[in-house]
2 protein chains.
Amino acid sequence: MANPSVSEPSGSASATQRAYGRLRDLIVTGELKPGEKLKIDGLRQRLATGASPIREALSLLTSDNLVERFDQRGFRAANVSENNFREILTLRCSLEDMALRQSIENASQAWEEHIVLAHHRMQRAHTEQSDEFEARHKAFHMALLSAADSPILLKFCSQLYDLNIRYRYLAGNALHYQQRDVTSEHEQILTACIARDTQTAADTLLNHYKTTGAFLTGLLGTGSL
Amino acid sequence: MANPSVSEPSGSASATQRAYGRLRDLIVTGELKPGEKLKIDGLRQRLATGASPIREALSLLTSDNLVERFDQRGFRAANVSENNFREILTLRCSLEDMALRQSIENASQAWEEHIVLAHHRMQRAHTEQSDEFEARHKAFHMALLSAADSPILLKFCSQLYDLNIRYRYLAGNALHYQQRDVTSEHEQILTACIARDTQTAADTLLNHYKTTGAFLTGLLGTGSL
DNA sequence: TCAGCGCATAATATCGATATTATGATGCGC
DNA sequence: GCGCATCATAATATCGATATTATGCGCTGA
């Protein structure tokens, strides 16, 4: 399968959790395409599990905006559109800005160490071309926000992260060229956070998103997707 | 029973939807108390339906932060706390501010008529002491934001609304005294929206929330809940 | 030739039953 | 008398089967 896995260990406890994580990966990575009908029975076989866990997982994904439910007519992978992407990008900028500022405000030594570690792990995964890079990348970004002491806000950010990264996968290799200075951008953000330089951190972070975002919007606009 | 119903017609299609709406009401109104164990079998009998719809509904409510899931140990109604309430209030102010500004920016005649109508219905329900007031109240607030053209943001707002109003129910009649000038506040907001006076509308709306919020925080602080 | 009705097919939504897992009490050993 | 392991109980999580509902095709009649 060779699946990157944006999420946590998939060997976890309940079948529902496994199905949830697995399906989310499939959708985020585009293996299940936007708008694609998600037939219970098909997925049941694919994930080798019963219908109940599948349905529950799909319900959860519905709340994450990754799946659309049509009463009595099953589920589909959520559609994509330029508008949708713009919305995600805009919201993400607003909410992460908010969260990052709160996070830095509450900054503690533990948090500082946490982000340093998360950054390092991401870096290592990157140089090693590891499968884990995606997970580490998300972990780093969430770590930045983690001191915000606002679980709901963090949950929103996490959801938006997934929604956003889905578009990156859809753009696929078109995006590889611009592995540009992402690394340096990450370092800048990290440095600013350690220095408790809220403004720079926020500016850099948002710019980080907007740059990638603008590029993706371009692709979407040209109908490449 | 005499249940106000914060949500839509509960006679709708699927058992899952019914269970979802019903359970949400039960939790929001406090009939199912914070932290209370939600035993599948109990609910199954109470709502006269099977286990699958219940589980699916609970999964959905988990995503709404109204229910907590403990793997292999079932579900509980989400706990409440002063911190949690403050978080909801803060987030709600930020997000609704954002949404309201967008909404006014996109204001159309249709939207204007929509909010006037929603306001009128709420008023009528209020004077008639109708059961529907809660639903109308939410409808009015959501209508204000409805031109925002950002479904995800609106969904977040809707969720936060429910979370917030849950605390109002928990405070119960202690809150009745302060039916104060809520009516006039609503009118002010409506008027400002019609006038496209973004700043006033936003200020009034946020003040509306913060006033009620401060009062509730007070109650929570004194351990009245 | 085409629109509309009705049937066959396929998928969903739901139920009832089972296996698995937590929980609380009981008794044994120390 | 107290702590710990063990067992009975109760609840969850999951499965397989069924009933209900949508869907697409072919047929009829204009």
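The structure presented is a predicted model; accordingly, all values stated were derived computationally and were not measured. Throughout, a chain's letter reflects where its sequence line sits, starting with A, and its residues are numbered from 1.
We find that CZ of B:R44 is positioned 13 Å from C1' of D:dA11, with the value rounded to whole Å. Rounding to whole angstrom units, CG of residue B:D41 and P of C:dG16 are separated by 11 Å. Distance B:I40 CD1 to C:dA22 P: 16 Å, rounded to the nearest Å. If you measure from atom CD1 of B:I54 to atom P of D:dA11, you get 15 Å, rounded to the nearest angstrom. With rounding to whole Å, A:L43 atom CG is found 12 Å from C:dA11 atom P. Computed from coordinates, the B:K39 NZ to D:dT12 P distance equals 8 Å when rounded to whole Å. In this structure, CZ of A:R18 is placed 7 Å from P of D:dT14, rounded to the nearest angstrom. The nearest whole Å value for the distance from the CD atom in A:Q72 to the P atom in D:dA22 is 6 Å.
Distances shorter than 4.0 Å separate some side-chain N or O of A:T49 from OP1 or OP2 on D:dC15. OP1 or OP2 of C:dT12 lies within a sub-4.0 Å distance of a side-chain N or O belonging to A:K37. Applying the 4.0 Å criterion to OP1 and OP2 of C:dA13, one finds that B:T16 has every side-chain N and O outside that range. For B:R55 and D:dT12, the shortest distance from a side-chain N or O to OP1 or OP2 is not below 4.0 Å.
Atom NZ of B:K33 sits in a sparse spot, with 12 or fewer heavy atoms from other residues, nucleotides or ligands closer than 6.0 Å. By the 6.0 Å contact criterion, CD on A:E128 is enclosed, its count of non-hydrogen atoms from other residues, nucleotides or ligands being greater than 12.
Residue B:F75 has its side chain nearest to D:dA13 when only C:dC15, D:dT23, D:dA13 are considered.
Put simply, the side chain of A:Y167 gets close to the backbone of A:S81: a donor and an acceptor are under 3.5 Å apart. For A:R76 (side chain) and A:G35 (main-chain N/O), a donor-acceptor pair under 3.5 Å exists by modelled atom type.
Within the 4.0 angstrom heavy-atom criterion, only backbone atoms of the sugar-phosphate kind lie near B:L38; the bases stay farther away.
Using a 4.0 Å cut-off between charged side-chain N and carboxylate O, A:E56 and B:R55 make a salt bridge.
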